[in-house]
Amino acid sequence: MRNQLYCLLLLFLAHTATVHAQDGIAVENAFPSLSFTNPIDFQIAAGVPDTVFIAERGGTIQRIRNSPETTESTEVLDISSDVSTQMEGGLLGFSFHPEFHVNGYLYVYYTPDNPFRSVISRFETDPENPEIFDRDSEMILLEIDQPADNHNGGQ
């Protein structure tokens, strides 16, 4: 968890080359050739240690090679048409099944509109291309109506 938080901080600092803090501590951009739009989560799947997955609040998940030399990202899931980013909503978190390398399950937490609510869904990898997730495989596991569009949590 600590490494994930550290790496997420680095993503937020992606627009800066290097930030120097007091006491000789330097924070450097982990992926200097990449940029993301409102990154909200950073995960490494069990069984896929050389790959990082980054969720963007607008409803996409990107896959990148876990290396500072990485120059490309691949969109592996796009649910932006179902995600409401009003106030504090959006794609707010995701997690891999502990046996992801066997079953290909991805769990996603997001807020859709009409009515505004919290949704937890499961997606599966695409049978034709196991490097991405099949948008049509969504299985909604939980829906909770939200009385307000703020403080929706995440993770």
Side-chain angles (χ1 to χ4, degrees), residues 1-112 118-141 152-155:
M1 179 67 168
R2 185 176 179 173
N3 286 340
Q4 291 172 344
L5 291 174
Y6 176 73
C7 291
L8 189 58
L9 171 64
L10 294 178
L11 288 173
F12 282 113
L13 297 173
H15 65 281
T16 8
T18 302
V19 176
H20 294 281
Q22 292 180 357
D23 301 324
I25 297 171
V27 178
E28 295 183 25
N29 186 344
F31 308 108
S33 298
L34 298 175
S35 64
F36 301 93
T37 304
N38 293 317
I40 196 99
D41 200 353
F42 177 102
Q43 300 282 334
I44 297 173
V48 194
D50 63 337
T51 302
V52 174
F53 296 84
I54 296 131
E56 297 177 303
R57 186 172 163 246
T60 62
I61 297 177
Q62 306 292 325
R63 178 184 187 139
I64 65 171
R65 190 170 56 89
N66 192 6
S67 166
E69 290 82 33
T70 297
T71 59
E72 296 179 3
S73 65
T74 302
E75 187 175 272
V76 296
L77 181 66
D78 181 356
I79 58 170
S80 57
S81 61
D82 293 333
V83 171
S84 171
T85 56
Q86 70 184 13
M87 292 293 289
E88 296 174 11
L91 171 54
L92 300 176
F94 70 106
S95 183
F96 294 96
H97 188 281
E99 298 293 321
F100 171 74
H101 63 285
V102 175
N103 61 28
Y105 291 167
L106 170 74
Y107 299 92
V108 175
Y109 169 56
Y110 65 96
T111 56
S118 292
V119 172
I120 297 175
S121 290
R122 184 186 79 194
F123 292 90
E124 298 179 33
T125 52
D126 188 319
E128 300 295 318
N129 181 358
E131 298 290 314
I132 64 172
F133 295 94
D134 180 0
R135 174 65 185 91
D136 295 330
S137 71
E138 180 176 22
M139 175 190 290
I140 295 176
L141 303 173
N152 299 298
Q155 265 310 28

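Positions are given from 1, in the same order as the sequence printed here. Bear in mind the structure is a predicted one, so any value in this text is a computation, not a measurement.
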Yes or no on side chain to side chain donor-acceptor pair (under 3.5 Å) for Ser121 and Tyr107, after CA distance, side-chain angles and deciding distance?
-> CA-CA 6 Å; Ser121 290; Tyr107 299 92; over 6 Å; no

Minimum heavy-atom separation for Pro68 to Pro32, with atom names?
-> O-CD, 3.4 Å

In Å, rounded to the nearest 0.5 Å, how long is the span from CG of Leu34 to OG1 of Thr71?
-> 7.0 Å

Minimal non-hydrogen separation, Phe123 against Asp134, with atom names | CD2-O, 3.7 Å

Please list, chain by chain and in numerical order, all residues satisfying side-chain contact (heavy atoms from CB on, under 4.5 Å) with Asn66, sequence neighbours excluded.
-> Phe31, Ile44, Val52

Can you see which heavy atom on Ser73 is nearest to which on Gln62, and at what distance?
-> OG-OE1, 3.4 Å

State whether Arg63 and Glu131 are salt-bridged, where the test is any N-O pair (Lys NZ or Arg NE/NH1/NH2 against Asp/Glu carboxylate O) under 4.0 Å.
-> yes

Separation between CZ (Arg57) and OG1 (Thr37), nearest 0.5 Å, reads 12.0 Å

The reported gap from CZ in Arg65 to OG1 in Thr70 (rounded to nearest 0.5 angstrom) is 4.5 Å

CD-CG distance between Gln43 and Leu106, expressed to the nearest 0.5 angstrom | 9.0 Å

Shortest non-hydrogen contact from Ser118 to Thr111?
-> OG-CG2, 4.4 Å

OG1/Thr74 to CD1/Ile61 distance, rounded to the nearest 0.5 angstrom?
-> 13.5 Å

Review item, side-chain donor-acceptor pairs of residues 87-100, under 3.5 Å, at least two apart:
residue : atom : partner : partner atom : Å
Glu88   : OE1  : His151  : N            : 2.6
His97   : ND1  : Glu99   : N            : 2.9
His97   : ND1  : Asn103  : ND2          : 3.1

To the nearest 0.5 angstrom, please state how far the CD1 atom of Ile40 sits from the OG1 atom of Thr85.
-> 11.0 Å

Considering non-hydrogen atoms only, spot the tightest contact between Leu141 and Arg122 and give its length.
-> CD1-CB, 4.1 Å

Does some side-chain heavy atom of Phe133 sit less than 4.5 Å from a side-chain heavy atom of Asp126?
-> no

Do Ile54 and Asp41 pass the side chain to side chain contact (heavy atoms under 4.5 Å, CB included) test, and can you show the C-alpha distance, the side-chain angles, and the key distance before you say yes or no?
-> CA-CA 6 Å; Ile54 296 131; Asp41 200 353; over 6 Å; no

Do the non-hydrogen side-chain atoms of Tyr109 and Val119 ever get within less than 4.5 Å of each other?
-> no

